[in-house]
Every structure is written in C-alpha cells, then in structure tokens.
Amino acid sequence: MKQRSIFTTLFSIFLVIILLSIGVSAIYSITTFNNFIYKIEKDRLVEKTEILLDLFPVEDIHNIEKVDRFTRAGINGQTRITVIDNSGVVLSDSIKDSETMDNHLYREEIQDSITGRSVVVLRFSDTLDQMMMYYSLPIEYKSKSLGFLRTSISVDLLEKRVQVVTITITIISIVLILLSVAICYIMTIKFSITINSIKRVAGCYAVGEFNNSLSENGPREIASLSKSINNMGNFLQERISTVVKQKNRYKSMLESMHEPVIRINNNFIIDEINRSAELLFNKKDKYTVGNNIRFLTDNEIFLEFVTLCLNENKSLVKIIPLSLDKKYHFQIHSSILYDADNNRLGILLVMNDLTEHVRLEGMRKEFVANVSHEIRTPATAIQGYIETLIHNDVSLEQREKFLKIIYRHSNRLNSIIDDLLMLAGLEKSDSSFQFEKFPVSDLISSATNIVSVKAEKSLIEIVFNIGENHQIYAHPLLAEQALTNLLSNSIKYSPKGSTIRISTRYIHGGLMVEVQDEGCGIPLENQEQIFERFYRVDRGRSRDQGGTGLGLSIVKRVMNIHGGNATLESKVDKGSTFRLFFPGE
Ligand code: ADP
C-alpha cells in the first residue's frame, strides 16, 4: 500500500476540519439570519396589523369611501392593506381594485383568522403574481365579527436582504477558509519540512554520514527531538570512529605482518586475507575475499590441510612446499575460530616462511657431507700408508715415496681445515669488520708477493694496469685474502708461460679490481655454481693442484662482507676474468 506523506495526511485532515467547521458555521449563520429577518418582518407585520386594526373605522365598515381612504393610507409604505367582509368579498385593497378581486374567504390567512389562530402566512399571491407575507385579524364590533383586516408585504425585499446576508456570510466564510487553509498549509509545510529534515539527517546517520545536524530551534518538543537526534549522531560518530580505528589498527597490523594470514569460513570461502598471503599466491590486486580457497591455489597438499582442519575441527601445524618446484616451504598453523556464542566461524591460517630455513638446513647437510668426504680422502690415504709402513717391510725408496704421499695428504688436510676455519671466521656479523681506505696498489702488491713463488715456478708473468692513486675502502686482510685466492687460482689453472693481468677502475662509486688469466676457462654451465662451497669443475685437477674447493666461496663471502660482489666472465680454453667490486665509503 502506498503510504501518504505527512504533509498530505495532515493537510487533508485540516482541510476537512476547516471546511466542515466554517461551512457548518456559515450555513448555521445564514439560516439563523434568514429566520431572524423573517421573524422581525413577521413581528412587524403583526404589530402593524394590530395598530391598523385599532385605527380602522369599524362603524363605517360599509362606507366604502372611508374604507378605501383607510386602505390607501398604506400605499406610501410597503404594506398592502386589504379589508374583507365575513363572506370573503374584498371591500377594499390598497393596491388592487377590490371589484376585480375574487373571493378571499378561503385564503389561508383568512381561514386562520376565522379559527382565531392568526399566524403570518407565506404564500404566492395570484393577484400580485409574487411571493407575499400575509397576516389577517378579524374586525369585530361589539363582539360581532364584521370582516377581516389583512396586511401583507412583498417577500422580494426580504429575500434581497437575505441574499445580502447570505453573500456576506459566504464571502466572510470563503475568506476565513482561505486564511485558515493558508495558515494550515504554512504550518503543515513547516512541520513536514521539520519531519523531513529529521528523516534526512537520520538517513544520513544510517549510512554513516555524520556531517549533518539538525537546528535545535522551534517548538519545545521538536527542539528536544532534534537535540536527541544530534546527540545520537555524535554518539554514533564517536562509536563508529572508535570501531573504524580499531578495525584499521587490526587491518594495518594484519597487513604489516610479514607472515601470510588467511581467514577461511566453514564453507571454504576466504573471509580475510593479508597482502603477504596475496603476494604468496600471486593474487595481488585481485579480489580474493569471497572466493573459494581453490581460487588461491590448486596445491593439493595445502587444500587437503585446510579440509582436514575444517572437517576434524582441529588446530594443526604442517610444513608444506608451496610451488611446483618446491621452492617455497611454509609452516602453516591453523587455529579454529569461534564467535561469542561458541559457534565455529572457520579457521585462521598463519604461515611462516621456512624456505630459507629449509635451504640452510639442506646446505648444512650438504656441507657436512662434503666436509666429511673431503676430509675422509686424505685421512684414509694417510692411515693406509702409515699402516703399510708399520706392518710391512718396505724399501727405503718406497718409504720415502710413502712419506711424501703422507706429507702431501696432511698438507691437504691442513689446507681444508685452514679454509674451513677461515670461512667460519667470516660467518661472523658483517659489522664486526673494520674497513679503511688505502691505496689499492698496497693490496695488489701484498697479494702478488704471496703468490709470486708459485707464479715464478709456473713461469707466469703478472702484469698490472692500476689507476694512479686509486683508493680502496676495504678490510685490508680480507681483501688481500680474496685477491690472493683469485691469483692462486689463476696460477693453478693457467698454462706455463702465460700472463695474468691485474687492473683497477672506478665504477658506480666504487672500485673494481679485475684478475684476467689465459687459463683453461670455466664452462658456461658451471659458472653459476662456481662460488659454492666445495664446487669444482674438474675435481681431479683441483685436487692435484692442492685445491680445497673453498677458495671462491671465501672470495664470495669476503665481497658480501664489503657490500660488494664477485663476478666471473670466462671462456673455455681462452681464460677467465674475475672481478671484485668494492663499494665506496
Ligand atoms: P679450488 O680450491 O678447487 O681451486 P676454488 O673454490 O678456488 O676451489 O675454485 C673452484 C673451482 O673453480 C676450481 O676447482 C676450478 O675448477 C674452478 N676455477 C677457479 N678459478 C679458476 C680459474 N682461474 N680458471 C679456471 N678454473 C677456475
């Protein structure tokens, strides 16, 4: 059903009341005035008739002349006078010739007079052809009825007066109605505007717009209602801003969390998800909330875990590989969520990135296996030769040969242990190393001095192209260790009589130290792993050269400590170029 507006309802009620009250009053007034006018005229007619009867020459009733004179006296006034005898014959009339008039015995007013109940009669006059008011009294002389004295007046005049009164009252009523309607209209409009503004402001509050308020002026009740609504708005605004602040705090906390967090409802629908989780599942800038959990990933292990948590209603923990190549490992904690009435809402998944942990664990295992392997070979060899020397008779020649082999393997063991100790030392916090600025020529001359004997043995020439006054910002001993490792590798893996070139240049606000050799080079497929611990291209050759497989990983670590890097460019049988970049101060 269509509901009417407050304006229409109130205004139509007021309109009906106004029309009814003023209309009824007008009708009542018009009727009362009409009756009053007629009553006055009737009373005057009765009074006039009685006075005329007193003045009537009763003894001369049959003297037509005298009677005519009497009736004509009324011509000047508006009253018509008629004298009628007992038989109804008109003796004289102030307006009409009596002889032309018909018998009046059965006229209503005459009949009333005969019965002694004279009343004013309103009726149409056939003689004058108009509505007239009649009153008649019997003419008596010495208790004997002689006829009737009848007076009458025209009703036209009265009707005109009545018309004037009616028109006047009608006009006054219309003016009153218009005035009342106008006042009602204004008041209703004002009231409806007030109600509408209350409705509008309440509507604004309902949608969270609180920058509107109501004027607190006007009638007491309206002002108090407006005040209450304004107070309600302020209260709601405060409450909502508190809730919004709390929500934002919670949201920013969730968003700033490094750990991916997902809230899933009982129907496997994502209710909430933070940015880390969206990034993890590669769904950044996509609308994930409201979607099934399968929208995030089709990783079956993950989906099975979620299903298990929801089906078994249990908080669980599991490490899950989260990409096809099992590159990322996450430890997922699930917790069951309940509302205040202890109804289950769903589950919360908090995921910890264990990728680095898993990688380090793998590296640690590989490292231990590598170390064991690297140490076992020389240790087994040393043990084997010593047992042979103890339990067998060996010639002096063989003894010397075995001792040389034992010496070589023990040197190797020593080198491995030295390099391992060196690497362990470099694992310390980066900030514990003190850097200084010094000429790079100092670094290069000390490193070349260390390898000069080996270089000379292999008839390798080391040439320099060092920028004048080039300064380096580094830890002198570590930088020397890195450069020495590169130089000794170049000597190890280069043919006799070749050349090693050392050059420096300023680049990107730092200093680049380059070591170029003409050695065997490193195949492209091995270049990526060359800086890993114990990685060697040709294991046998490295061992023969007394290599430990740790030299380049020490270089890499030293450059990390400096905030720089070590890179390689190499071609098989052409040679290799190792570059060390030391950032500026
Ligand atoms: P190693 O002690 O075996 O030399 P490194 O870590 O220093 O261990 O080097 C790793 C491997 O890289 C070496 O075994 C070798 O195969 C290769 N390599 C390093 N430097 C060179 C170079 N200048 N020329 C050719 N191969 C090299």
Side-chain angles (χ1 to χ4, degrees), residues 363 366-367 369-378 408-427 444 447-448 450-452 454-455 457-463 478-503 512-561 565-580:
M363 274 175 65
E366 198 186 305
F367 181 71
N370 280 336
V371 169
S372 320
H373 179 77
E374 293 294 331
I375 289 175
R376 190 178 297 129
T377 317
R408 211 179 66 232
H409 280 296
S410 66
N411 268 349
R412 199 172 142 62
L413 262 181
N414 242 349
S415 302
I416 293 172
I417 290 164
D418 280 352
D419 279 357
L420 284 174
L421 284 173
M422 166 67 101
L423 263 179
L426 292 177
E427 290 306 330
I444 293 170
T448 41
I450 294 170
V451 297
S452 60
K454 279 187 199 166
K457 255 191 198 169
S458 299
L459 304 171
I460 288 174
E461 191 193 359
I462 302 177
V463 295
L478 295 184
E480 183 192 87
Q481 180 70 52
L483 190 58
T484 308
N485 284 6
L486 289 187
L487 286 172
S488 67
N489 274 352
S490 289
I491 294 166
K492 268 193 277 179
Y493 301 107
S494 293
K496 277 192 174 170
S498 62
T499 308
I500 295 173
R501 289 181 176 77
I502 305 175
S503 59
M512 184 79 91
V513 180
E514 211 169 87
V515 178
Q516 189 183 14
D517 64 42
E518 295 166 348
C520 60
I522 299 162
L524 197 64
E525 65 268 22
N526 301 110
Q527 288 182 13
E528 206 181 312
Q529 292 152 290
I530 206 78
F531 290 96
E532 285 176 16
R533 288 165 190 186
F534 295 114
Y535 189 84
R536 281 169 285 203
V537 178
D538 183 341
R539 211 164 264 274
R541 186 172 178 180
S542 163
R543 241 178 243 143
D544 291 345
Q545 300 284 353
T548 59
L550 293 169
L552 286 181
S553 52
I554 291 172
V555 172
K556 186 185 169 189
R557 179 66 197 143
V558 167
M559 293 320 290
N560 280 350
I561 289 168
N565 58 37
T567 51
L568 159 70
E569 198 182 314
S570 182
K571 260 189 183 161
V572 177
D573 295 335
K574 286 267 175 327
S576 311
T577 305
F578 283 88
R579 294 189 183 95
L580 305 180

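First listed ligand is number 1; within each ligand, the first listed atom is number 1. Quick note: numbers below take in every heavy atom, side chains included, and nothing from hydrogens, waters or symmetry partners.
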Tell me whether R412 contacts the main-chain N or O of P378 through its side chain, where contact means a donor paired with an acceptor under 3.5 Å.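 Flag not set: sc R412 to bb P378 has no pair under 3.5 Å.
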Heavy-atom closest contact (A455 atom, I462 atom, distance):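 Smallest heavy-atom distance, with atoms named: CB-CD1, 4.2 Å.
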For E532 and S553, which heavy atoms make the closest approach, and how far apart are they?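 Nearest heavy atoms, E532 then S553: C-CB, 4.1 Å.
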Residues which pass salt bridge (charged side-chain N to carboxylate O under 4.0 Å, His left out) with E480, listed by chain and number, not counting sequence neighbours: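 Partners of E480 by the salt bridge (charged side-chain N to carboxylate O under 4.0 Å, His left out) criterion come out as none, since no residue qualifies.
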At a heavy-atom distance under 4.0 Å, which protein residues reach ligand 1? Sort them by chain and number, would you?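 Close residues (ligand 1, cut-off 4.0 Å): N489, S490, K492, Y493, D517, C520, G521, I522, I530, Y535, R536, V537, D538, S542, G547, T548, G549, L550, G551, L552, S576, F578.
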Tell me which one of D419, D418, N414 satisfies side chain to side chain donor-acceptor pair (under 3.5 Å) with T548.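 The single option meeting the side chain to side chain donor-acceptor pair (under 3.5 Å) with T548 is D419.
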Surrounding CD of E525 (heavy atoms of other residues, nucleotides or ligands, distance under 6.0 Å), is the total greater than 12?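 Yes, the 6.0 Å shell around CD holds more than 12 heavy atoms from other groups.
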